[in-house]
Amino acid sequence: MATPYLSVVIPVYNESDNLQLLYDRLTKALDALDKTFEIIFTNDGSRDNSLEMLNNLFRARSPSSTICLTDIWEVKNRIKCQMKKVRLF
């Protein structure tokens, strides 16, 4: 995959009730830009079925990716990991 024009990073913690609507609205808005993009959801140790929902959403659409982080990491390391993913460091 070529380097996307835009990267969107969204932390997720127990958001299974909101993910479908967020994903639908976000992809609609990003598609309208007519630019390449990626959506990076960081599952921050959710205890609901957020990760399962994200994986199901992404099976249908390739420019998106899921990053699963364990709750062992410190907040600082989580942010640093996200920024490296979007190539800011």
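Reckoned from all heavy atoms, side chains included, excluding hydrogens, waters and symmetry mates.
Checked against side-chain contact (heavy atoms from CB on, under 4.5 Å), Lys35 has the following partners two or more places apart in sequence or in another chain: Tyr5, Leu33. Gln20 pairs by the side chain to side chain donor-acceptor pair (under 3.5 Å) definition with Asp24, not counting sequence neighbours. Contacts of Asp48 classified as side chain to side chain donor-acceptor pair (under 3.5 Å), with partners at least two apart in sequence or in another chain: Ser16, Ser50. Every residue meeting the side-chain contact (heavy atoms from CB on, under 4.5 Å) condition with Leu26, not counting sequence neighbours, appears here in chain and number order: Val8, Ile10, Leu30, Ile39. Remark: Asp17 pairs with no residue by the side chain to side chain donor-acceptor pair (under 3.5 Å) rule, at least two apart or across chains.
Among Asn55, Leu54, Asn56, the one residue that satisfies the side chain to side chain contact (heavy atoms under 4.5 Å, CB included) test with Glu52 is Asn56.
Taking the side chain as every heavy atom from C-beta outward, Ser46 and Val12 approach each other to under 4.5 Å.
Tyr23 and Leu6 fall within the same hydrophobic cluster, defined by Ile, Leu, Val, Met, Phe, Trp and Tyr side-chain heavy atoms under 4.5 Å apart, directly or through other members.
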Show the numbers, then the answer: is there a side chain to side chain contact (heavy atoms under 4.5 Å, CB included) between Leu19 and Phe41?
-> CA-CA 10 Å; Leu19 288 174; Phe41 285 88; 4.0 Å; yes

